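Side chains are part of it too, since the values below use all heavy atoms of this structure and drop only hydrogens, waters and symmetry mates. A, B, ... follow the sequence lines: proteins, then strands. Residue 1 opens every chain. From a predicted model like this one, the values you see are computed outputs, not experimental measurements.
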Amino acid sequence: MSDERNAGLPKGYEPEQVEARRRAAWEAANIFTPNLQEDAGNGAFSIVIPPPNVTGNLHMGHALNLTLQDIICRRQRQLGKQVLWVPGEDHAGIATQNVVERRLKEEGLTRRDLGREAFIERVWKWKGEYGDNIRRQIKAMGASVDWSRERFTLDEGLSRAVRRVFVQLYNEGLIYKGLYIVNWCCRCHTALADDEVDYTARKTGLWLIRYPLEDGSGFLTVATTRPETMLGDTALAVHPDDERYKALIGKKARLPLVNRLLPIIADPYVDREFGTGALKVTPAHDHNDWRLGQKHNLEFISVIDEDGKIGSQGGVYAGLSLEAARSRIEADLAELGLLEEKRPYENNVGRCYRCSSVIEPLMSVQWFVAVKSLAAKAREAMPDQTRIFPSSWLKTYYNWLDNIRDWCISRQIWWGHRIPAWTCADCGELVVREESPEACPKCGGSALTRDPDVLDTWFSSALWPFSTLGWPDETPELARFYPTSVLVTGFDILFFWVARMMMMGLHFMDEVPFRHCYIHALVRDAQGKKMSKSTGNVIDPLVMIDKYGTDSLRFTLAAFAAMGRDIRLSEERIEGYRHFMNKIWNAARFALMHLDTVPAPLPEKVTGLHHRWILYRLEELKKLQSQALDEYRFNDAAGALYKFIWNEFCDWYLELIKNDMWADEKPANAPGEAVSGSPAQSKALAQSVLYTVLRESLILLHPFIPFISSEIWDAMPGREQENDLALSLFPPRRAVSDLAEDAGNMETVQGVISAVRTIRAELNISPALRLSVLIRPVDPKTQALLEERGRDIISLARLERLDLDPEAQAPAASASAVVQGNEIIVSLKGAVDFAAENARLDKEMAKLEKEYTGLVAKLSNPSYLEKGRPEIVERDKTRRLELDDARVKLQALKEKFAAAGAQ
RNA sequence: GGGUGGUUAGCUCAGUUGGUGGAGCAUCGGCCUUACAAGCCGGGGGCCACAGGUUCAAGUCCUGUACCACCCACCA
C-alpha cells in the first residue's frame, strides 16, 4: 500500500527513460542473435527486413513495417522457435546519388567535376554518416533484429552475389544488351524501368497538323500532343477500316518543316475516335510508335538528345529546348498554314519517380533481363508455395506478371553495382565476368574497357532474401533460414521488389524466397492523403516516439493494421493509446503493491467467482490472440488485448480483489463471506491469481509493446528465476470447460452492480451516498450466487446495506430495475425525484417493449419456427420469456412507485 | 480503358460460418471512491450510400447505380 513498496515504478509512465534502459539491456544481452550451433528448437523462423534507403529517414511506413515484423518475430520466439530477423539497408542508386549531387550543387560542383572515383567516395562518406541514422531509428522502434548479421546491398558479399547472378543470367541468355526505346530521365541522365515512371496529368494541348499529300491532292491532318517530335516522324498511320482514309493507305505524305516523305500505313492500334483518326508515328520517341516502327519496318530517327534538347538530326531546331522547339514549330506551322487547330487538352506526362522531371522516351543501348520464363515460374509459385495475405493481391500479382516486358537493368549513374562487362578495344569482344579479366579471351588484347553503367537498385534487392544469408556460399544461415518465413511489406513495391524476389529466388535457389507474403497498408494522414514532405502532412514517427513513447506508436499502428485497408493516422489516436500504456503501468503498480514476493502457485482448483472469471477471460484472450496473429489480423489481436486489460482486468478484476487484499476491513452488513476461509487465505489466493494473470498478460502484451511490458516484468517479484521477457515462452493453455459457467455467473453479478450504478447516475444521487438495496432474486440459485458475492456488490455499487429476499416488499420510495429476472430495488429515503425516476422507468419500459414486440413478431412467424436454426429459435424463446418477465416486474414496480408518489 | 478497395455514431474505424449493430476520440451528466483526472461511473447519438434480388431472417451473400480512393495501361 505504501509508496515505498513500489518505489521502482514511478506514478506516471515515462517512456523515454524506460525505452533507453530496455534498448541498452537488449543490446547488452545480445538476445536476438540466434546461435546456429544450437538446435533450432521448435523450428527456424526468419524474416529479412525490407531494406530502407540509406539516405532515408524513418517514416510512418517504416514504423508500421517494423512494428508488424517485430510483433511477428517476438511472438515466434515465444512459441519456442529460433528466430532470425536480418536487418540492413539499400544503397538506393538514383535516390542516393541525387541527394549527394544536390549537396555538391550547393558547393557549385557537379559529379563530373569530381570524377567517378571521387564521387563514389563522396557517396560512401555520406552513407557512413546517414546509414547510422536509419540504424538508430530501427532501434528506436524496438525492432528485435540481429545486428550481428546486418547487411548493405553494396557490401562485398552482396556485390559478389550480384555479379554471380548477372554472369549466370548472361550465360543463360537471360541477360542481353540491345537497342531499345527506354524511359530517359534527362535530369538524372539515366534510363528508368517502366515502373519507375509516374504519370501525372498536365494541361498540354492537342495540335492538329496538316501533312501535305505527296500527290498534291490535299492533306492528312493528324492530332498530336507533342508537335516537337514531328521532326522524327517516319510514318503516318490510320485505322485499316477507316472509310475516311482507306484510299490514302500506301500513299505518301510530306513531313512539314523537314520535307521527308512519310508512308501512310494502316494499323488497328489507331483509335478512329480520337482526334482526327490519323496518327503521326515517331518510333524513336514514343513507346507505341516504337512498336509500330518495329512492326512496319519504319525508319528510327532520333531527334531528342540525352539532355532533353533537339539533337543534331533536328535541322534548324537543333539545340533548342523542347519547349522552345515546340513554340517555334507551332509558329512555323501556322505560318505555312499547316496548323489546323490547337485545342486545350489534358495529357498524362511521365515523370521520374525520383526527381519528377519529365521522362523522354529515347532510343538507347541498354542491358535487359528477359523475364518471360522467370515470370512464369514466379506466377506458378503463388499461392501454393508462397501465400500472399490478403489474398486479394494475388490477382494484381498475376496481372502484372502476365503483362510483363523485359526489364531494363542498366542505369547511367555511378552509385551502384557496376555492370561486370568489358569490351575489348582490339577485337570488340564483349566479356562478361565476375572478376576483372586480365586479357581478352578472344584476341588476348589487354585493352579492356568496363561498361560504365550500374545496375538498377532493384536488381540487388531482388537477391536480398538469399544474398543476405551468405549466398553464393553455402552458409549455415542459408541452410537453416532459407526460404524465409514471411515477407512483410507495402503493396507499393509489390512489383518493384516482391515479384522480382520471387523470380530470382526460384531461379537461383530453386525455392521461393518466403513462405508467406504479408502486404500491409499504406499509412495515410487523417484525410486519407498519402503522407509526403511536399504536402507537409507527414507525421514523423520519431516525433511521436518522443511525445508519446514507442509503445504507444506501435500499439496504435497494430490496432489500425486491418488487412487490406489503408491506415489513416492522426496524432490523437497515438495520444489515445498512450493513455492505454499509462493504464497498464498503473495497473501494474497496483498489482505490485500487493505482490511483495512470489505468491504460491495456483491451486489445482481455484475458488472464487472473480478469480475463475478472470482466468477464463485470460484463456479466451490467449485463444483469440493466437488465432488472430496466425492470420495476420494484428488489429484483432490488439483490440482483444486492449479490451481484456482495460475493461476486464482493470475495470472489474482489480476492483474486486481490493476486497480480498483488504479483507480485514470488512464492510458493514455483508451478508456473506466472499470466499470460504480466512481473510488471510483469500488474500493469498488473490495474490496467486493476480500474479498469474499479470505475468501472463505481460507475455501476451510483449510482442506489441515490448518496452513497457519488459519494464514491468523486471519489477515483478521472482524476476531472478525468470528469463528476460523477450525470451519467455507463451504461457500454456489451461482447461476452461469448468470455468465457463462461473464466467456467466460473473456477468449476472456485473449486471446487478451496473444496474445500481445506472440508477444512481440517472437519479443524480451522489456517489458519496451509500445506498440501501433490496434484491428479489429470480430463483434460489441466483440468490445463493448474489449472497456469495454480496461483498462485491456492496463495494462496487457503493452500498451501505444489501438485502436478498424474494418475498420482501419494496419500500414505497424506491427506484428499481430488473436484471435477468432479479428485481433490484434501491431505497431512496428522503430526497426522491419522482419525475426523474418515472422518466427513467418509462424509458426502460419502452426499450423492453420494443425488443419484446419485435421478438414476438419474429416468433409468431411459422416459417421462422420451421426453418430457423434451432439453437437460435431456442435462444429467442428464452429471451422472450425473460423480457416478458422483466416487463411484468417492471410494470408492477412502476405502479407501486406511482402510488407512493401520489400520496 | 482494365482492375481493386471503400461508403456503418459528429470524427477515425472494427464487425470471421447470415440471427434486429461495436470501439476509440468527441459530446452530455456525476465524481479527486485509498493503481491511474493520461482516471472512475453513467447517458445520448446509427432507416449500416442508394435500388433491386436470394432467404424465415441481410451491415453481412448476389446484381445494378452513385460517389470517393488507389493500382495497372498510357488514345497520339
Note to self: Suppose the criterion is side chain to side chain donor-acceptor pair (under 3.5 Å): which pairs have a residue in residues 869-880 of chain A, not counting sequence neighbours?
What the structure shows: A:Glu851-A:Arg879, A:Lys858-A:Asp876, A:Tyr864-A:Asp876, A:Arg869-A:Glu871, A:Arg879-A:Glu882
Note to self: Can you tell whether the side chains of A:Asp660 and A:Arg791 come within less than 4.0 Å, N to carboxylate O?
What the structure shows: yes
Checklist line | Proximal nucleotide (of B:A76, B:C72, B:C36) relative to the A:Phe495 side chain | finding: B:C72
Next item on the list: Classify the nucleic acid contact of A:Asn403 as base, sugar-phosphate or nothing, counting any heavy atom under 4.0 Å across all strands shown.
Entry: nothing
Margin query: When the C1' atoms of B:G6 and B:U65 are compared, how many Å lie between them, rounded to an integer?
Written below: 16 Å
Note to self: Going by side chain to side chain donor-acceptor pair (under 3.5 Å), name the residues that satisfy it together with A:Tyr211, two or more places apart in sequence or in a different chain.
What the structure shows: A:Asp233
Next item on the list: State which of B:A76, B:A35, B:G43 makes the closest approach to the side chain of A:Val270.
Entry: B:A76
Next item on the list: Check whether any side-chain N or O of A:Lys395 sits under 4.0 Å from OP1 or OP2 of B:G2, and answer yes or no.
Entry: no
Next item on the list: Could you label the plane-to-plane angle of the A:His594 and A:Phe590 rings as parallel, tilted or perpendicular, counting under 30° as parallel and over 60° as perpendicular?
Entry: perpendicular
Next item on the list: Please measure how far the P atom in B:C47 lies from the corresponding atom in B:G21, and state the result in whole Å.
Entry: 14 Å
Check: Which nucleotide, B:C71, B:A76, B:A35, lies nearest any side-chain atom of A:Phe491?
Finding: B:C71
Notebook entry, point to check: Has A:Arg875 got a side-chain N or O lying under 4.0 Å from the OP1 or OP2 atom of B:U20?
Noted result: yes
Next item on the list: Can you sort out the partners of A:Trp207 under side chain to side chain donor-acceptor pair (under 3.5 Å), two or more places apart, ordered by chain and number?
Entry: A:Glu330
Next item on the list: Name the residue closer to the 5' end of RNA chain B, choosing between A:Tyr577 and A:Cys650 according to the nucleotide with the nearest heavy atom.
Entry: A:Tyr577
Next item on the list: Could I get the full list of salt bridge (charged side-chain N to carboxylate O under 4.0 Å, His left out) partners for A:Lys643, not counting sequence neighbours?
Entry: none
Next item on the list: Report the nucleotide, chosen from B:G44, B:U16, B:G43, that has the shortest atom-to-atom distance to any side-chain atom of A:Arg633.
Entry: B:U16
Item checked: Any A:Arg578 side-chain N or O less than 4.0 Å from OP1/OP2 of B:G39 -> no
Next item on the list: Please determine if a side-chain N or O atom of A:Ser754 lies less than 4.0 Å away from the OP1 or OP2 oxygen of B:G42.
Entry: yes
Notebook entry, point to check: Can you name the residues that form a salt bridge (charged side-chain N to carboxylate O under 4.0 Å, His left out) with A:Lys583, not counting sequence neighbours?
Noted result: none
Checklist line | B:G10 to B:U4 separation - P atoms, rounded to the nearest Å | finding: 31 Å
Next item on the list: Under 4.0 Å between any heavy atoms, over every strand shown, what does A:Gly854 touch: base, sugar-phosphate, or nothing? Just pick one.
Entry: base
Next item on the list: For the side chain of A:Asp651, starting at C-beta, report the closest nucleotide among B:C36, B:C41, B:A76.
Entry: B:C41
Item checked: A:Tyr653: side chain to side chain donor-acceptor pair (under 3.5 Å) partners, not counting sequence neighbours -> A:His611
Margin query: With rounding to the closest Å, how many angstrom separate the P atoms on B:G43 and B:G24?
Written below: 13 Å
Checklist line | Spacing of the C1' atoms in B:G1 and B:G15 (rounded, Å) | finding: 35 Å
Next item on the list: For A:Lys280, report the nucleic acid contact type (base, sugar-phosphate, nothing); a contact means any heavy atom under 4.0 Å.
Entry: nothing
Margin query: Measure NZ/A:Lys850 against P/B:C47 and give the value in whole Å, please.
Written below: 11 Å
Item checked: Aromatic ring pairing A:Trp646/A:Phe580, orientation class (parallel under 30°, perpendicular over 60°, tilted between) -> parallel
Next item on the list: Please state how far atom CG in A:Asp271 lies from atom C1' in B:A76, giving the value in whole angstrom units.
Entry: 9 Å
Item checked: Candidate nucleotides B:A14, B:C41, B:A76, ranked by approach to the side chain of A:Asn635 - the nearest -> B:A14
Item checked: Whole-Å C1' distance, B:C56 and B:G42 -> 38 Å
Notebook entry, point to check: A:Glu851 near the nucleic acid: base, sugar-phosphate alone, or nothing, with a heavy-atom cut-off under 4.0 Å?
Noted result: base
Notebook entry, point to check: Given that both pair distances must be under 3.5 Å and the pair must be Watson-Crick or G-U, what runs of three or more consecutive pairs involve RNA chain B?
Noted result: B:1-7 with B:66-72, B:10-13 with B:22-25, B:27-31 with B:39-43, B:49-53 with B:61-65
Next item on the list: Only one of A:Trp393, A:Phe389, A:Tyr397 passes ring-ring contact (aromatic ring centres under 6.0 Å, His included) with A:Phe491; say which it is.
Entry: A:Trp393
Item checked: 5′-ward residue of the pair A:Thr225/A:Arg757 relative to RNA chain B -> A:Arg757
Next item on the list: Would you indicate, yes or no, if B:G24 has its OP1 or OP2 atom less than 4.0 angstrom from a side-chain nitrogen or oxygen of A:Lys643?
Entry: no
Next item on the list: Mind checking A:Tyr345 for me? I need base, sugar-phosphate or nothing, with any heavy atom below 4.0 Å counting as a touch.
Entry: sugar-phosphate
Please list, pair by pair, any protein nitrogen or oxygen found under 3.5 Å from a nitrogen or oxygen in nucleotides 52-58 of chain B.
unit_1	atom_1	unit_2	atom_2	d
B:C56	OP1	A:Lys867	NZ	2.3
B:C56	O2'	A:Asn861	ND2	2.8

Margin query: Could you tell me how far apart A:Ile519 (CD1) and B:C70 (P) are, to the nearest whole angstrom?
Written below: 19 Å
Notebook entry, point to check: So, A:Asp842 and A:Asn838: side-chain donor and acceptor under 3.5 Å apart, yes or no?
Noted result: no
Check: What integer distance in Å separates A:Gln687:CD from B:A35:C1'?
Finding: 16 Å
Check: Could you give the CG-to-C1' distance, from A:Leu624 to B:A14, as a whole number of Å?
Finding: 13 Å
Next item on the list: Check the distance between B:C36's P and A:Asn582's CG and give it to me in whole angstrom.
Entry: 10 Å
Checklist line | Residues forming a salt bridge (charged side-chain N to carboxylate O under 4.0 Å, His left out) with A:Lys11, sequence neighbours excluded | finding: none
Notebook entry, point to check: When the distance from OH of A:Tyr269 to P of B:C74 is rounded to whole Å, what number comes out?
Noted result: 9 Å
Item checked: Residues which pass salt bridge (charged side-chain N to carboxylate O under 4.0 Å, His left out) with A:Lys867, listed by chain and number, not counting sequence neighbours -> none
Notebook entry, point to check: For the pair made of CD1 in A:Ile794 and C1' in B:U33, what is the distance, rounded to whole Å?
Noted result: 16 Å
Checklist line | Between B:C11 and B:G45 - C1' atom distance, rounded Å | finding: 13 Å
Margin query: At 4.0 Å (heavy atoms only), tell me whether A:Arg840 reaches a base, stays on the sugar-phosphate, or touches nothing.
Written below: nothing
Polar atoms only, N or O, under 3.5 Å: list the protein pairs with nucleotides 25-29 of chain B and their distances.
none

Note to self: Applying side chain to side chain donor-acceptor pair (under 3.5 Å), can you list everything that pairs with A:Asp267, at least two apart in sequence or on another chain?
What the structure shows: A:Lys295, A:His296
Next item on the list: Name the orientation class of the two ring planes belonging to A:Phe560 and A:Tyr577 (parallel below 30°, tilted from 30 to 60°, perpendicular beyond 60°).
Entry: perpendicular
Next item on the list: Using the C1' atom as the reference point in each nucleotide, state the distance between B:U12 and B:A51 in Å, no decimals.
Entry: 29 Å
Next item on the list: Looking at every strand, decide which applies to A:Glu655 at a 4.0 Å heavy-atom threshold: base, sugar-phosphate, or nothing.
Entry: base
